[in-house]
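This structure is a prediction, so every number in the text was calculated from the model and none was measured. Order of listing sets the numbers, starting from 1, for every ligand and every atom in it.
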Amino acid sequence: MTLGNNEKKMLRAMLTKANHIWSLEELLEVTEWTDQVHVAGSGKILMEENLVQITEIKEKIVTLGNEGNNAVNNGLLEFRLWNWIIQQSESNRTMKGLFSAGFERHEAGPGVGLLKSMGVSINSGIFISESEDEVSRQIKKRTEFINKLSKNKVNAEELDDEMVEHFKNRKGLINIEENTTREWNLTKKGMAIQDSELEQIELIGEITPEFLQRDGWENAQYKEFDINADAPIPMGGRPHPMQSLIERIRSVFLEMGFSEIEGDYVQSAGWNMDALFIPQSHPARTMQDTFYLDEPKKIDIPEDMLDLWESVHESGHDTGSLGWGSKFDKEESKRGLLRTHTTVNTVKHIAENPESPCRVFGIGRVFRQETIDRTHLPEFHQIEGIIHEPNASLPMLISTLKTFYSKMGYPDVRVRPAYFPYTEPSVEVEVYWRGKWLELGGAGIFRPEVTEPLGSEWPVCAWGMGLERLAMLVLELDDIRELYQPDLERLSRMPIL
Ligand code: PHE
């Protein structure tokens with residue numbers, strides 16, 4: 001038996017109280033080690049030598065997840081629905097009523113499912129239950145369970161199994177963590193070991209040049225290494241998955257011969273919309289979709305640009321188009337806003353370089369007044385690009401997008417007819433993934449109403465795609481919010497791109 005110094009030290013420490021069962025903290029204290037790895041490693045060797053026995057105690061700890069915290073603050077979904085239902089007169093307990101009471105569709109569906117599993121049914125559109133008291137009782141039980149968890153971590157043993165089972169199957173409500181604690185005690189053989197066997201000797205663990213220059217290295221004793229021993233996996237830093245994805249997209253476009261452009265978040269309605277021939281009455285321009293700014297309330301635009309947009313919007317200028325036929329408001333053009341798409345960057349690029357052919361792309365943040373849910377955020381990113389040259393064409397656009405997505409790992413791409421006020425033809429780009437076609441963005445050839453006022457005479461292939469959509473695909477996520485929650489554990493587990 002060759003015990004190392006650490007094992008000897010641990011044994012000697014344990015022999016001070018030979019019958020004691022030691023916890024990790026106690027062993028760290030008596031050995032004066034600061035790293036628990038020493039206790040674990042030496043303990044394992046001592047166990048293999050049958051000097052020490054290790055007892056593992058496994059426990060399950062239950063805590064609330066994100067949805068669970070929401071439920072503590074706002075009530076469980078079934079609680080809120082049921083509460084609403086029982087407050088209505090019987091004939092008013094309808095699905096329709098539920099929506100007008102402010103329940104969102106994405107809540108109502110799963111919520112009704114929960115109620116049904118408690119025996120509530122829908123008969124000619126009306127919620128009915130054989131035993132309302134029983135439903136209320138069930139919901140009360142669930143609520144108490146969730147509230148109990150809100151205060152503390154709780155050991156699963158102290159909880160109702162049935163409730164744990166139930167909530168485990170609901171997304172985000174509870175987390176179950178398995179914890180293992182260990183205890184160490186001496187075996188008979190360990191207690192009988194002689195002091196003389198526990199003398200420290202110098203064991204060489206590291207062969208350094210300094211060591212080899214010393215006398216006597218030939219006769220030194222070397223520490224044994226167990227290359228199969230468990231070692232902690234270091235948690236190193238890594239780029240955020242979104243950052244890696246952006247880098248990858250960047251290198252794909254650079255590889256395809258594109259240059260990168262950038263632009264500001266704050267833009268005028270003129271550049272963000274009028275330049276794109278989006279009519280001033282377009283619903284997407286209203287307050288519900290666009291964040292208009294108080295500061296700056298107005299952004300200057302050169303008067304000759306405004307004149308051109310006015311003429312194009314009102315009567316088509318000399319593009320051959322009839323325009324929208326309604327009055328153009330130059331003051332509306334000057335309103336400050338947060339850009340709603342990165343198409344504003346490519347359009348400005350053309351305006352600044354109307355006579356030089358280019359292939360450019362940009363990846364940037366955009367802003368829209370969206371309600372946050374599984375697939376929507378009010379701030380997200382777009383991948384935008386144009387090919388501006390005399391022979392730009394729809395086939396060129398489609399093959400460029402196909403090349404891009406193939407290089408990203410998605411070779412099956414198709415386009416479908418679509419509509420944007422600024423392109424003709426317009427297409428929607430879809431990628432095939434796991435048996436489904438997913439829509440990832442829009443594309444088309446800019447209309448003359450867009451390019452002519454900018455001073456360009458060439459067709460422009462243009463596209464704009466959602467980066468988060470692509471990220472969900474690449475990282476296999478089903479909730480967009482996971483990308484931006486500061487959950488280091490989850491982020492560290494996402495694939496390296
Ligand atoms: N700007 C469009 C969007 O935000 C995408 C698009 C860009 C469509 C360029 C056509 C041409 O969805």
Distance-only donor-acceptor check, side chains Ser321 and Glu449, under 3.5 Å: yes

Is the shortest N/O to N/O distance between His341 and ligand 1 below 3.5 Å? yes

Can you tell me which residue and heavy atom of the protein come closest to atom 5 (C) of ligand 1, and the distance to 0.1 Å? Gly464 O, 3.8 Å

Taking a cutoff of less than 4.0 Å between a non-hydrogen atom of the residue and any ligand atom, is Glu384 in contact with ligand 1? yes

For atom 12 (O) of ligand 1, the protein heavy atom that lies nearest, with its residue and separation: Gln382 NE2, 4.0 Å

Any N or O on Arg368 sitting closer than 3.5 Å to an N or O of ligand 1? yes

Looking at non-hydrogen atoms alone, which of Gly466, Ser426, Ala462 comes nearest to atom 11 (C) of ligand 1? Ala462

Looking at ligand 1, would Glu428 count as a contact under a 4.0 Å heavy-atom criterion? no

Between Asn272 and Gln267, does any side-chain donor sit less than 3.5 Å from a side-chain acceptor? no

I need the atoms of ligand 1 closer than 4.0 Å to a non-hydrogen atom of Thr343, numbered in the order shown. 1 (N), 7 (C)

Would you tell me whether Glu468 and His381 have side-chain atoms, one donor and one acceptor, within less than 3.5 Å of each other? yes

Checking Ser136 against Trp82: is there a side-chain donor and acceptor pair closer than 3.5 Å? yes

Please list the nearest protein heavy atom to atom 2 (C) of ligand 1 with its residue and the distance rounded to 0.1 Å. Tyr422 OH, 3.0 Å

Ser89 versus Asn92, side-chain donor and acceptor atoms under 3.5 Å: yes

Between Thr343 and Glu384, a side-chain donor and acceptor under 3.5 Å: yes

Ala443: heavy atom below 4.0 Å from ligand 1, yes or no? yes

Between Arg368 and His341, is any pair of side-chain heavy atoms under 4.5 Å apart? yes

